[in-house]
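Just below is one structure, and these are the notes that go with it.
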Amino acid sequence: MKKGILFVVSAPAGCGKGTILERVLKDKKYYYSVSATTRKPRPNEKDGVNYRFLNKAEFETLIEKQEFLEYAQYCDNYYGTLKAPIEENLLQGKHVILEIEVQGAMKVRAIRPDAKFIFIAPPSFETLRQRLEHRGTETPEVIEKRVNAAKRELALKEQYDYCIVNDVLEEAVKDFRSIVRAEELKVQP
Ligand code: 5GP
């Protein structure tokens, strides 16, 4: 069986990557890697589905046991990708999607040069701020932090293989699928 491809997707908060991925992941050829985090769950989030929600001590135990492929601190919380399910799913022929921020993505680039890196950018910072405010799940202070983080993250988009601008959702979903298809069709050296 042909091995799956590892895709690393980064996007500043509020870029609508959740909506794009929700659409793309309806296809069973993907495995979405559920990260661990110390952030508190949002009202609609479920443990084991969106994240494994851990406290700081639990997270640090997993760091010590070297169970993470990568982990990073982002806006005062830990986020990390667990190693175990990734290889397992790639071997089963599934494409594995890591949805992680830029520091983590750069760590994965060093460890897994076979991975493909996709950046999702907002059409503008104003749109980004509006989307965050509209979501209504964060305080103005957190929104400010996230907009600033987004500005820093956007500067790193050159490090990625592909960049999708999420202006019109349908188009962005189409772009994502096209990237995956192109990678599937690539002739292996
Ligand atoms: P949020 O709190 O909005 O769910 O996520 C904040 C940021 O953390 C997002 O950019 C998201 O992609 C990133 N993130 C989620 N899981 C991981 C992970 O396992 N590792 C890293 N490095 N970043 C992650």
Side-chain angles (χ1 to χ4, degrees), residues 6-22 24-25 30-56 58-63 65-87 89 96-112 115-122 125 128-157 159-160 162-164 166 172 176:
L6 178 59
F7 289 96
V8 178
V9 183
S10 299
C15 282
K17 95 191 130 184
T19 327
I20 299 176
L21 288 179
E22 201 178 297
V24 170
L25 293 170
Y30 297 103
Y31 168 79
Y32 175 78
S33 158
V34 178
S35 297
T37 184
T38 56
R39 166 167 80 60
K40 297 275 168 289
R42 296 187 183 126
N44 54 340
E45 289 180 327
K46 286 198 183 73
D47 187 38
V49 177
N50 305 91
Y51 283 105
R52 277 180 63 188
F53 294 100
L54 305 177
N55 63 37
K56 199 163 171 249
E58 289 168 329
F59 198 102
E60 285 172 348
T61 305
L62 293 181
I63 297 176
K65 289 176 151 175
Q66 303 194 335
E67 298 215 6
F68 289 114
L69 176 70
E70 62 72 38
Y71 69 91
Q73 277 184 306
Y74 175 87
C75 293
D76 307 327
N77 284 300
Y78 277 129
Y79 293 83
T81 307
L82 292 154
K83 270 186 215 163
I86 296 177
E87 204 50 35
N89 278 280
V96 173
I97 308 277
L98 306 187
E99 185 204 322
I100 64 179
E101 51 63 70
V102 291
Q103 309 163 62
M106 293 308 110
K107 289 182 202 161
V108 178
R109 203 188 237 319
I111 318 166
R112 296 290 306 238
K116 303 297 163 198
F117 293 77
I118 304 176
F119 193 90
I120 300 176
F125 282 111
L128 182 119
R129 188 187 294 276
Q130 280 164 9
R131 282 181 187 161
L132 285 174
E133 283 168 359
H134 185 72
R135 186 159 78 188
T137 50
E138 269 90 20
T139 61
E141 193 198 348
V142 173
I143 290 179
E144 210 44 51
K145 264 194 183 177
R146 285 182 175 240
V147 171
N148 286 333
K151 287 186 179 159
R152 287 195 299 274
E153 286 168 345
L154 208 56
L156 285 168
K157 79 165 195 259
Q159 309 286 325
Y160 287 69
Y162 301 96
C163 179
I164 299 172
N166 186 17
F176 197 105

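Every value quoted in this text rests on a predicted model; they were computed, and no experiment measured them. Note that the numbering runs from 1 along the sequence shown for the chain. Counting starts at 1 for both ligands and their atoms, in listed order.
- Protein neighbours of ligand 1 below 4.0 Å, counting non-hydrogen atoms: A11, K17, S35, R39, R42, Y51, E70, A72, Y74, Y79, G80, T81, E99, I100, E101, G104, R146.
- Residues F59 and F68 place their aromatic rings such that the two centres sit under 6.0 Å apart.
- Seen from the ring of Y71, K107 counts as a face-on cation partner, given the 6.0 Å and 45° thresholds.
- The salt bridge (charged side-chain N to carboxylate O under 4.0 Å, His left out) contacts involving residues 30-45 comprise R39-E45, R42-E45, R42-E138, where partners must be two or more places apart or lie in separate chains.
- K151 forms a cation-pi arrangement with F125, by the criterion of a distance under 6.0 Å to the ring centre and an angle within 45° of the ring axis.
- Every residue two or more places apart in sequence or in another chain that forms a ring pair (Phe, Tyr, Trp, His ring centres under 6.0 Å) with Y160 is listed here: F119.
- Shown here are the side-chain hydrogen bond (donor to acceptor under 3.5 Å, both in side chains) partners of E87, two or more places apart in sequence or in another chain: K3, R112.
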